[in-house]
Q: 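Please see the structure below; I have some questions.
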Amino acid sequence: FTKSGGTGTTTIGIAFNNTGMVNVNAGTLLFNSTNTSTHAGAFAVGTGAVLEFGAGSSSNLNGGTSFTGSGTTRISGGTVSVNAPVSMSTTLQLTGGTIVGSGALTVSGPMSFQGGDVGSGSIVANGGVTFSTGNDKFMGGGGDLHLGGTSIWTAGQIRLGNGAVLKTLVGGTLNNTFDGELRHDFGVSVSTFENAGTFTKSGGTGATNLGLIFNNTGTVNANSGTL
């Protein structure tokens, strides 16, 4: 199935099960059906194109699912369940919705975390993460987000719960450019920020508050304000 033309959006408002190949070469291909879609095939997203999982949608990513190309995979609503290891080389843009599941989503392209929830899911962001916009970013379901490469936190609170783990990997960096708040907010099991790479507060004359367990085996630089 190929979307080859049109700069706007083609909407799939029914269950869509992919065990073959989906090409998004132009505009946006939007899944927004409340009926559960199950995938075990490939998605290729071209430059400037967007594959979007929208509000109310429910999608299972099973074994054999992959995302390739220089375009963007956007999760703006609904629930995406990663049920087996899934690889992604597109940009991952999380603006809403929830990522859950027992399988790891490994992202080699850049990730933009603007809103939504890394719930019970596990994401290995080898291309780094940009935490931007003033929206809260949630990790409320005990999931993991591992930061490889170069990550930057420019706006918005990061709120964890139920034993969630945010980890800067060895060789990875996280640069906090403003006075932010990273804290445990939900559940009995306290959440953790593990720094095995380099965490730097580089901006803001006030305080960045770490209101959770903080384990450091790497390097912490407090270059501005108070950490």
Side-chain angles (χ1 to χ4, degrees), residues 15 17 31-40 43 51-67 73-88 90 92-109 111-131 135-148 151 153 156-169 172 174 181-196 210-215:
N17 300 325
F31 298 121
N32 72 349
S33 173
T34 56
N35 298 306
T36 299
S37 297
T38 299
H39 305 296
F43 295 89
L51 172 68
E52 182 170 356
F53 298 90
S57 63
S58 175
S59 300
N60 288 321
L61 306 184
N62 293 340
T65 304
S66 64
F67 299 83
T73 301
R74 177 186 299 142
I75 301 172
S76 59
T79 301
V80 174
S81 301
V82 183
N83 301 322
V86 172
S87 64
M88 178 180 291
T90 65
L92 173 59
Q93 187 181 78
L94 182 60
T95 64
T98 303
I99 299 174
V100 299
S102 58
L105 175 61
T106 300
V107 184
S108 57
M111 176 178 171
S112 176
F113 197 168
Q114 301 177 22
D117 188 3
V118 178
S120 61
S122 178
I123 299 177
V124 181
N126 288 325
V129 177
T130 297
F131 299 88
N135 298 328
D136 289 350
K137 291 90 178 145
F138 293 97
M139 295 178 60
D144 299 338
L145 177 56
H146 293 179
L147 308 178
S151 298
W153 176 24
Q157 298 180 8
I158 304 175
R159 303 172 64 187
L160 286 71
N162 294 296
V165 176
L166 177 66
K167 182 173 184 177
T168 306
L169 300 175
L174 176 58
E181 188 156 7
L182 169 62
R183 69 176 189 262
H184 169 82
D185 259 354
F186 313 101
V188 175
S189 298
V190 180
S191 303
T192 303
F193 176 28
E194 297 182 1
N195 179 53
L210 302 182
L212 74 180
I213 297 170
F214 180 71
N215 298 326

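Since we're looking at a predicted model, the values are computed, not measured. Any value given below was found using the heavy atoms of this structure, including those in side chains, with hydrogens, waters and symmetry copies removed.
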Q: When you compare the side chain of Lys137 with that of Gln157, does any pair of heavy atoms fall below 4.5 Å?
A: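 The answer is no; the side chains never approach within 4.5 Å.
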Q: Determine whether Phe131 and Leu147 make a side-chain contact, defined as any pair of heavy atoms from C-beta on separated by less than 4.5 Å.
A: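 The answer is yes; the side chains approach within 4.5 Å.
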Q: Which residue is it: Val165, Leu182, Leu145? I am looking for the one with a side chain to side chain contact (heavy atoms under 4.5 Å, CB included) to Leu160.
A: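 Testing Leu160 for a side chain to side chain contact (heavy atoms under 4.5 Å, CB included) against Val165, Leu182, Leu145 leaves exactly one candidate, Leu182.
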Q: Do we see a donor-acceptor contact under 3.5 Å between the side chains of Gln114 and Ser112?
A: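 Their side chains do contain a donor-acceptor pair, which is all the 3.5 Å distance test asks for.
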Q: Which heavy-atom pair separates Thr36 from Ser58 by the least distance, and what is that distance?
A: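 Heavy atoms only, the tightest pair is OG1-OG, 3.2 Å.
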Q: Is any side-chain heavy atom of Leu94 closer than 4.5 Å to one of Ile123?
A: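 They are not in side-chain contact.
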Q: Side-chain contact, heavy-atom cut-off 4.5 Å: Phe113 with Val118?
A: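 Of all side-chain heavy-atom pairs linking Val118 with Phe113, at least one is under 4.5 Å.
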Q: When you measure from the side chain of Ser191 to the backbone of Gly161, do you find a donor-acceptor pair of N or O atoms at a distance under 3.5 Å?
A: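 Yes; at least one donor-acceptor contact below 3.5 Å.
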Q: Taking Asp117 for the side chain and Gly140 for the main chain, is one N or O donor matched with an acceptor at less than 3.5 Å?
A: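 Yes; judged by distance alone, with no hydrogens or angles, the pair exists.
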Q: So how far is it from Asn83 CG to Thr65 OG1, rounded to the nearest 0.5 Å?
A: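 Answer for the CG-OG1 pair, Asn83 versus Thr65, is 8.5 Å.
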Q: Taking Ser33 for its side chain and Asn35 for its backbone only, find out whether a donor-acceptor pair lies under 3.5 Å.
A: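 Checking the backbone N and O of Asn35 against the side chain of Ser33, a donor-acceptor pair under 3.5 Å is found.
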Q: Return the CD1 to OG distance between Ile99 and Ser59, rounded to the nearest 0.5 Å.
A: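 The OG atom of Ser59 is 11.5 Å from CD1 of Ile99, to the nearest 0.5 Å.
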Q: Quick check: does any side chain N or O of Ser151 sit under 3.5 Å from a backbone N or O of Val129, one acting as donor and the other as acceptor?
A: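 Yes; at least one donor-acceptor contact below 3.5 Å.
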Q: How far does CD1 of Ile213 sit from CZ of Phe193, to the nearest 0.5 angstrom?
A: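 It comes to 13.5 Å.
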Q: Taking atom CG of Asn162 and atom NE2 of His184, what is their separation to the nearest 0.5 Å?
A: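 Between atom CG of Asn162 and atom NE2 of His184 there are 7.0 Å.
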Q: Do you know the tightest heavy-atom contact between Ala84 and Gly63?
A: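 Closest pair (atom of Ala84, atom of Gly63, distance): CB-N, 3.4 Å.
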Q: Mind listing the closest non-hydrogen atom pair of Ala55 and Ser76 along with its distance?
A: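 The pair with the smallest heavy-atom distance is N-OG, 4.4 Å.
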Q: Roughly how far, to the nearest 0.5 Å, is CG of Leu92 from CZ of Arg74?
A: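 Result: 11.0 Å between the selected atoms.
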Q: Check for a donor-acceptor pair, side chain of Asp144 on one end and backbone N or O of Ser122 on the other, with a separation under 3.5 Å.
A: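 Between the backbone of Ser122 and the side chain of Asp144 there is no qualifying donor-acceptor contact (under 3.5 Å).
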Q: Return the OG1 to CG distance between Thr168 and Asn195, rounded to the nearest 0.5 Å.
A: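 The CG atom of Asn195 is 4.5 Å from OG1 of Thr168, to the nearest 0.5 Å.
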Q: Using 30° and 60° as the class boundaries, would you call the ring planes of Phe186 and Phe138 parallel, tilted or perpendicular?
A: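 The arrangement is tilted - the two ring planes meet at 30° to 60°.
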Q: What class does the angle between the rings of Phe31 and His39 fall in, given that below 30° is parallel, 30 to 60° is tilted and above 60° is perpendicular?
A: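 Tilted: the ring planes of Phe31 and His39 meet at 30° to 60°.
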Q: Are Thr73 and Phe53 side-chain neighbours, meaning at least one heavy-atom pair lies under 4.5 Å?
A: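 The answer is yes; the side chains approach within 4.5 Å.
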